[in-house]
Colleague: 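My questions all concern the structure below.
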Amino acid sequence: MTNNDVIESLISRFKKNDKIALARLITIVENEPEKASKIFKHFENIKHDSYIIGLTGSPGVGKSTLTGAIAQKMLDEGKTVGIISVDPTSPFSGGAFLGDRVRMTNICLHPNVFMRSLASRGYKGGISRAVFDITMLYEAFGMDIIIIETVGVGQAEFDVYNLVYTVVVILVPGYGDVIQMQKAGIIEIGDIYDVNKKDLGGEDIAVQIEMMLDDTIFQSGYRPPVVLTDAISGEGIDELLQCIWDHKEHVELLGIKEKKKNRFKYKIKELIFTKVEKLIMENFVDENEVNNIVKNALEDGKFNIYSSIHKIFDKITLEIKKNS
Amino acid sequence: MSSRKIRVLMSKPGIDGHWRGGIVVSRAIRDAGMELIFGGFQNAKQIVEAAIQEDVDVLGLSIHSGAHFAYTKQVIDLLKEKGVFNDILILVGGVIPAQDFPKLKEMGVANIYGPGSMTNDIVEFIKTHLKK
Ligand code: B12
Ligand SMILES: Nc1nc2c(ncn2[C@@H]2O[C@H](COP(=O)(O)OP(=O)(O)OP(=O)(O)O)[C@@H](O)[C@H]2O)c(=O)[nH]1
Ligand SMILES: [Mg+2]
């Protein structure tokens, strides 16, 4: 079979709800993004109806365990659920140890769930490049709900915000004091704040978040709730789920279209940036030239990097002007 | 397909507490630049479902309970039933007596690794024996 035939045959199996075909198509969009257009031309008239939720927070706060717990409840409610969990790729070996699925063994045999572990593969921002494409495949597969679990993030990795309609920021006891709550970044993006591992405490963190929220003005009238959960015993999971549905209602009332547009814009810009970066790096940036600049600045002490980099910038600008 | 990453699922059928070997091998696989999905304790159905959804190239079973024939047979039968057996390289490791190797291979296991196996050999075998 030619490559094209492979995709065609996978698509027809996919349309018959074959999970093996879904899994293979995910592999293709992940490994060979240049084939995405061949795949997605079959799904041009799908409705983008899945409700997409993001779970984010530092390493080990319980994102995967919580994903398993809330997915279980959603399945009980008769919904279909697609899960994407991202773990980091090693910058040294390029390998990854994907340890999210092991926390969700409870749901993995349910016929209405599909779960895929992804490695970040060098993509910044707490997710992986393939996440958007996989959400599209899940939508085409007819998932009611899509849950995206980010890698364990720091303060400044919040790209998931652009891809989902509801962001759950997860914290644990010991997160920090009032100063921590004022910082920009992850702590700003929550539509819901979940303090997990409540069996270990966390009341103080919940109070700190409430105080931070007290000082925030919410133009839309929606104030993010703060929930305490124990993902292992299941305590607080119903409340967390209720908060998710409440926020969903709020988003739909306000018009989910804006959020959908934002998702697509984010991806389009990312595709352009990736392409531009590749074109420029391949066509205008010569590794020797970069080494020369380093040598000038560091060894010869002749020019600083800012005076030399102009040569490269000028070359790029000139070339672009010539063609426009 | 230069960016294709080898994906490996490491599972421990049954619930005996010998998880150490599976972790050691998993780390070696990670450090060899592959993507290792750690399945942990799983039954045969869970293993096969995970192998399908994760679209893995390799399935590793780590077994120290002595029940390697039973578990391996269950998993392979299910893989065949689902139609994915021909795509996945199956490796078994743990406490497996050498006299049981031939029968496991006959069942469809690509290779077997007992105590003292070198992780380099395992990685090398994977790289040179992928089915797809
Ligand atoms: C440490 C150990 C334990 C520890 C386990 C700690 C842990 N978290 O892993 C503890 C103390 C918990 C334990 C308990 C028991 N153990 Co114990 N244990 C051992 C011991 C001494 C070493 C195992 C080990 O960790 N080796 C180091 C690792 C790195 O080696 P490995 O697991 O063999 O892995 C290597 C290869 O096998 C292979 N490999 C392993 N998995 C995989 C997977 C893949 C895909 C691949 C490719 C390769 C691969 O690669 C690894 C690197 O070389 C062995 C004896 C032995 N020499 O093997 C007995 C042994 C495994 N235990 C045994 C027994 C009987 C028990 C108990 C039932 C004892 C009892 N009567 O209480 C309990 C069971 C408890 C339970 N809940 O199930 C028996 C098993 C007998 C059998 N199957 O026929 C053994 C063989 C001892 C013996 N000679 O009797 N044990
Ligand atoms: N005590 C306690 N432990 C929990 C709770 N939720 C999760 N854990 C444990 O915390 C550890 C990490 O849980 P995960 O769900 O893997 O956390 P994670 O945020 O997905 O981790 P990464 O994906 O590595 O960032 C595991 O040992 C869980 O069992 C909880 O509510 N209470
Ligand atoms: Mg996780």
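Values reported hereafter were calculated over all heavy atoms of this structure, with side chains retained and with hydrogens, waters and symmetry mates removed. Numbered from 1 within each chain, the chains take letters A, B, ... in sequence-line order.
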Colleague: Considering non-hydrogen atoms only, spot the tightest contact between B/D55 and A/A23 and give its length.
Modeller: OD2-O, 3.7 Å

Colleague: Do B/K5 side-chain atoms and A/G94 backbone N/O form a donor-acceptor pair below 3.5 Å?
Modeller: yes

Colleague: Within a 6.0 Å radius of atom NZ on B/K131, are there more than 12 heavy atoms belonging to other residues, nucleotides or ligands?
Modeller: yes

Colleague: Show me the pairs that pass ring-ring contact (aromatic ring centres under 6.0 Å, His included) and involve residues 81-127 of chain B, at least two apart or across chains.
Modeller: B/F125-B/H129

Colleague: Could you tell me whether a side-chain N or O of A/R116 sits under 3.5 Å from a main-chain N or O of B/Q53, the two making a donor and an acceptor?
Modeller: yes

Colleague: Side chains of A/T105 and B/Q46: donor-acceptor distance under 3.5 Å anywhere?
Modeller: no

Colleague: Between A/H110 and B/E49, is there a side-chain heavy-atom distance shorter than 4.5 Å?
Modeller: no

Colleague: Less than 4.5 Å to any heavy atom of chain A: does that hold for the side chain of B/V8, its backbone, both, or neither?
Modeller: neither

Colleague: Hey, mind stepping through B/D87 and A/R24 against salt bridge (charged side-chain N to carboxylate O under 4.0 Å, His left out) and telling me if it holds?
Modeller: CA-CA 11 Å; B/D87 301 320; A/R24 300 264 155 95; 3.0 Å; yes

Colleague: Return yes if some donor-acceptor pair links the side-chain N/O of A/S117 with the main-chain N/O of B/E54 below 3.5 Å, else return no.
Modeller: no

Colleague: Which one, A/T89, A/D100, A/T27, leads in non-hydrogen pairs under 4.5 Å with chain B?
Modeller: A/T27

Colleague: Between B/E35 and A/G95 (side chain of the first, backbone of the second, donor and acceptor by atom type, cut-off under 3.5 Å), is there such a pair?
Modeller: no

Colleague: Just so I know, are the side chains of B/L36 and A/L98 near enough to count as touching, which here means a heavy-atom distance under 4.5 Å?
Modeller: no

Colleague: Among B/K45, B/M10, B/R30, B/M34, which has the most heavy-atom pairs under 4.5 Å with chain A?
Modeller: B/R30

